[in-house]
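We count residues from 1, following the sequence as given. Start at 1 and go down the list; that is how both ligands and their atoms are numbered.
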Amino acid sequence: MKSIQELTRKNILELTAYSCARDEYKGKEAHVFLDANESPYNKPFNRYPDPLQQSLKKEIAKVKGVKEECIFLGNGSDEAIDLVYRCFTEPGTDNVVAIEPTYGMYSVCAQINDIEYRRVLLDNHFDITADKLTAACDEHTKVIWLCSPNNPTGNLLNREEIVKLLQSFEGLVVVDEAYSDFSKARPFRLDLHTYPNLIVLNTMSKAWGCAALRLGMAFAQKAIIDTFNKVKYPYNINELTQRQALEIIKDPFEVDKWVRTILLERSRLAEAIHMLPICNKVYPTDANFILAEMTDAEGIYNYLMQKGIIVRNRSRVSLCHNCLRITVGTKTENNELLAALRHL
Ligand SMILES: *Cc1c(COP(=O)(O)O)cnc(C)c1O
């Protein structure tokens, strides 16, 4: 691969990061803070939060099995997605390659950053081959976007093909593992040391039950993380989010319990939907949602909406004709959905 320096945008390489008041004193014990024009009142929210979220990263490092220096925390995964473009792609010149269909933010951020976005259609098992993705790349391709388990299809991508890309592609490979907690497959974040061009995305929005906090994670080698940290807003993770995230992370057994319950409900729901005469096919899933091909997705979507039950209509997405994406809820919620569907 190319070196991280070679892949970094020239203006970013030359950038000196904003230096905030708290960065400049370091090490010494201090108790009178008159350096940042904060108010001395309204504790603890009078103080700026830690710009590098060190206590939180320490806990995340333990839970995720990744070194602290290899962790970036963002305002949702969406911040990390945008930073990949802002740090490593040249507007108007570079391009990225992505699987299709997948999560919408990769293409939205490409457009915002004026980067050509090349879609490579998944095969009829919603899977990839390294060859097909490589064929879409040229000398201006900086990033390949992968998502596994993929949204909205729910399946894992073929691991060997991802590894081939990591070994052969000159640029960065992003593997979005937002749903890896719902899968038994080995997460790619544990192989960071093997692949210097790998960026793995995780989030607290799904298995961890904290979508409201807006906390996303990127795992990568230190050179990539340092670049993200240089470009991000200095105080991108607010104090309330840092505190609340620490609370949740200290009780991972509670999260494990949620995940186990969701997995049980996922099988039950998949089986029950599969039995419905209005369902053509339930696709295999490694995530906390089910993609189902229906006889009339649009009609069923509207019918459910009338009943106050909202699912995601994916029928206009490539390869997902007549498909609904249904998130696994509580047993009560799933039963309400099933009752409504059986009534049709
Ligand atoms: C839900 C989801 C995310 C989460 O985004 P946040 O900004 O962290 O809430 C990221 N990637 C994929 C593929 C998702 O489905």
Side-chain angles (χ1 to χ4, degrees), residues 53 56-57 60 63-64 71-86 96 98-110 112 117 119 122 126-128 143-157 162 172-183 185 187-189 198-220 228 232-233 236-238 240-242 244-245 248-249 255 258-259 262 266 283 285-291 310-314 317-320 323-329:
Q53 310 98 22
L56 184 51
K57 280 181 186 165
I60 291 177
V63 173
K64 296 285 184 179
I71 303 174
F72 166 82
L73 299 182
N75 187 335
S77 311
D78 297 342
E79 181 179 1
I81 293 167
D82 190 50
L83 278 171
V84 169
Y85 287 104
R86 292 203 287 145
V96 300
I99 56 170
E100 169 72 16
T102 192
Y103 186 49
M105 278 308 282
Y106 317 141
S107 77
V108 169
C109 289
I112 290 170
Y117 185 85
R119 297 165 201 266
L122 294 170
F126 295 141
D127 212 340
I128 57 165
V143 182
I144 296 178
W145 291 97
L146 304 174
C147 181
S148 179
N150 187 32
N151 178 4
T153 59
N155 61 301
L156 284 163
L157 302 178
I162 297 178
L172 299 168
V173 177
V174 182
V175 183
D176 188 340
E177 294 190 325
Y179 298 99
S180 61
D181 296 288
F182 302 104
S183 165
F188 270 92
R189 67 166 188 274
L198 170 64
I199 300 175
V200 174
L201 303 181
N202 268 206
T203 178
M204 291 197 76
S205 300
K206 307 287 156 64
W208 290 80
C210 291
L213 294 188
R214 310 307 304 130
L215 193 76
M217 296 157 237
F219 305 123
F228 285 166
K232 77 178 183 73
Y233 290 152
N236 61 328
I237 309 295
N238 71 68
L240 286 168
T241 294
Q242 292 193 42
Q244 199 56 45
I248 281 283
I249 280 183
V255 175
W258 293 340
V259 169
I262 287 170
R266 180 178 80 186
Y283 288 97
T285 177
D286 264 283
N288 66 336
F289 58 83
I290 291 162
L291 188 75
I310 314 297
V311 297
R312 198 83 198 268
N313 181 6
R314 298 282 75 185
V317 167
S318 332
L319 306 180
C320 296
C323 284
L324 296 178
R325 193 193 70 191
I326 301 168
T327 307
V328 180

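- Remark: the N150 side chain and the S148 side chain contain no N/O donor-acceptor pair separated by less than 3.5 Å.
- Remark: T203 engages S77, A178, S205, K206 in a side chain to side chain contact (heavy atoms under 4.5 Å, CB included) (not counting sequence neighbours).
- Contacts of N238 classified as side chain to side chain donor-acceptor pair (under 3.5 Å), with partners at least two apart in sequence or in another chain: T241.
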Could you pull out every N or O of ligand 1 that sits under 3.5 Å from a protein N or O, with the distance for each pair?
unit_1	atom_1	unit_2	atom_2	d
ligand 1	7 (O)	S77	N	3.0
ligand 1	7 (O)	D78	N	3.4
ligand 1	7 (O)	D78	OD1	3.4
ligand 1	7 (O)	D78	OD2	3.4
ligand 1	7 (O)	R214	NH2	2.6
ligand 1	8 (O)	S77	N	2.7
ligand 1	8 (O)	S77	OG	2.8
ligand 1	8 (O)	T203	OG1	2.6
ligand 1	9 (O)	S205	OG	2.7
ligand 1	9 (O)	R214	NH1	2.9
ligand 1	9 (O)	R214	NH2	3.3
ligand 1	11 (N)	D176	OD1	3.4
ligand 1	11 (N)	D176	OD2	2.7
ligand 1	15 (O)	N151	ND2	2.8
ligand 1	15 (O)	Y179	OH	2.6
ligand 1	15 (O)	K206	NZ	3.2

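- Although no hydrogens or angles enter the test, the distance criterion places a donor-acceptor pair under 3.5 Å between the side chain of E177 and the main chain of F188.
- With sequence neighbours left out, Y85 forms a ring pair (Phe, Tyr, Trp, His ring centres under 6.0 Å) with W145.
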In sequence, state the C-alpha distance, the side-chain angles, and the governing distance for R325 and I290, and then conclude on side-chain contact (heavy atoms from CB on, under 4.5 Å).
CA-CA 6 Å; R325 193 193 70 191; I290 291 162; over 6 Å; no
